[in-house]
Amino acid sequence: MTLTSSAARPDPRRRPGRPPALDAEAIAIAVVDIGFPALTFAAVAERLGVAQATLYRHASNRDELVRLGLDRALRTAEWPELDGDWRSLLERSAVASWRVWEQHPGAVLEVARGIVPWSIVAISDQVGVALVERGFSARAAVLAVDLVFDLTADSRRGAETLDAPTAEAEGGMRERIEEQWRDSSRSPDGPEAPVHAEMLRAITAGPFEWFHGKLQIVLAGIEQELAGSGTARD
């Protein structure tokens, strides 16, 4: 599934001589190359070989830079074809979404601030239409898409937060939480022991593994409550 044509796009890399013509696509490429955590007007201007005043004529603030970068990251990603049954279609779309956020650290944190590029709308529309074609009502399709993509973004955001370095100690928050659980005074023979063990497993499990387990539960709920709703109920 593609969101845009594969026509050649401008190369924003700085070259000797006259600065290249500046447009939204060149800025978007520079944003993605720099990365969202390090994104500043100064960094983008330097990457493009233009003055910051010139850049401000195309993007009025950092949020606009972020929006351009997010849009490019999403529309140039590899998205699965919208074929097969609804469950495999939703699962493949969720996994593809996870991979986009994983490939671009910090991107999902920017989305959480409310910066929503056109590409997110386009992807949601295409997946939603595919669900309607498979027997979902329009309302059920929107609920299903929202559930799956929200789960993906929330899970990836949680993973990035847990793995971020902390000022108090070496390692990230994940290591700190694991250490606190291991050092807790809970009785190893008490009724909470199995839950305690599973919580430790959840903390130490690979982020994708834990996300994928939650995704299966959400898909099972969609099958129970929403699938086939186009004919059963609206």
Side-chain angles (χ1 to χ4, degrees), residues 1-6 32 36 69-112 114-163 174 198-234:
M1 181 177 74
T2 57
L3 298 179
T4 61
S5 68
S6 57
V32 172
F36 295 97
L70 287 174
D71 186 68
R72 177 172 174 81
L74 288 162
R75 63 181 163 78
T76 59
E78 293 186 9
W79 294 96
E81 294 299 322
L82 299 177
D83 53 14
D85 63 89
W86 70 263
R87 182 164 182 151
S88 65
L89 184 156
L90 266 181
E91 182 173 356
R92 285 182 281 115
S93 297
V95 170
S97 178
W98 173 279
R99 297 304 182 198
V100 174
W101 303 136
E102 182 179 49
Q103 184 181 354
H104 300 282
V108 73
L109 302 178
E110 300 287 2
V111 173
I115 303 178
V116 180
W118 169 85
S119 295
I120 286 182
V121 178
I123 293 164
S124 299
D125 281 352
Q126 291 184 26
V127 176
V129 169
L131 293 181
V132 170
E133 292 172 348
R134 287 159 176 77
F136 283 64
S137 69
R139 181 176 183 276
V142 170
L143 280 170
V145 171
D146 190 50
L147 278 168
V148 166
F149 284 140
D150 270 2
L151 169 66
T152 307
D154 286 345
S155 296
R156 186 62 212 168
R157 183 167 60 251
E160 292 192 20
T161 301
L162 284 176
D163 292 332
R174 187 186 303 275
E198 281 302 312
M199 182 62 73
L200 274 173
R201 193 180 78 81
I203 294 168
T204 58
F208 179 80
E209 174 191 353
W210 194 247
F211 152 69
H212 199 256
K214 291 192 288 186
L215 177 61
Q216 300 311 307
I217 296 172
V218 168
L219 291 172
I222 290 172
E223 182 172 15
Q224 180 68 29
E225 297 294 331
L226 300 177
S229 56
T231 54
R233 60 185 182 277
D234 197 359

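Predicted model, so just to flag it, every value in this text is computed and none were measured.
Rounding to the nearest 0.5 Å gives a distance of 9.0 Å between CG of Asp71 and OG1 of Thr76. To the nearest 0.5 Å, atom CG of residue Asp83 and atom CZ of residue Arg134 are 7.0 Å apart. With values rounded to the nearest 0.5 angstrom, Asp146 atom CG is found 11.0 Å from Leu151 atom CG. Rounding to the nearest 0.5 angstrom, the gap separating the CG atom in Leu143 from the OG atom in Ser137 is 8.0 Å. Distance CG/Leu70 to CD/Glu110: 6.5 Å, rounded to 0.5 Å. Of the inter-residue distances, the one linking Asp150 atom CG with Asp154 atom CG reads 5.5 Å to the nearest 0.5 angstrom.
Taking both residues in full, the closest heavy atoms of Ala94 and Thr152 are given as O-CG2, 3.5 Å, listed atom of the first, atom of the second, then distance. Of all the heavy atoms in Ala153 and Val108, the pair that sits closest is O-CG2, 3.5 Å. Ala141 and Gly128 make their closest contact through CB-O, 3.6 Å (heavy atoms, listed as atom of the first residue, atom of the second, distance). Annotation for Ala73 and Val32: closest pair N-CG2, 4.3 Å, computed over non-hydrogen atoms. Closest heavy-atom contact between Leu90 and Ala144: CD1-CB, 4.2 Å. Across every non-hydrogen atom of Lys214 and Ser155, the tightest pair is NZ-OG, 3.5 Å.
Within the 4.5 Å cutoff, the side chain of Ser97 has heavy atoms near those of the Trp79 side chain. The closest side-chain heavy-atom distance from Val127 to Val148 is not below 4.5 Å. The side-chain heavy atoms of Val95 and His212, taken from C-beta on, include a pair separated by under 4.5 Å. Using a 4.5 Å cut-off on side-chain heavy atoms (C-beta onward), Phe149 and Ile123 make contact. Considering only heavy atoms from C-beta on, Leu74 stays 4.5 Å or farther from His104 through its side chain.
Under the rule for a ring pair (Phe, Tyr, Trp, His ring centres under 6.0 Å), Phe36 has no partner lying at least two apart in sequence or in another chain. By the ring pair (Phe, Tyr, Trp, His ring centres under 6.0 Å) test, Trp101 is found to be paired with no residue, residues two or more places apart in sequence or in another chain being considered.
A salt bridge (charged side-chain N to carboxylate O under 4.0 Å, His left out) check over residues 95-108, counting only residues at least two apart or in different chains, returns the pairs Arg99-Glu102.
Each of Val129, Leu131, Leu89 was scored for a side chain to side chain contact (heavy atoms under 4.5 Å, CB included) with Leu82, with one residue passing: Leu89.
Within the 3.5 Å criterion, the main-chain N or O of Gly106 finds a donor-acceptor partner in the side chain of Glu160.
Using cut-offs of 30° and 60° on the angle between ring planes, the pair Phe211 and Trp98 is parallel.
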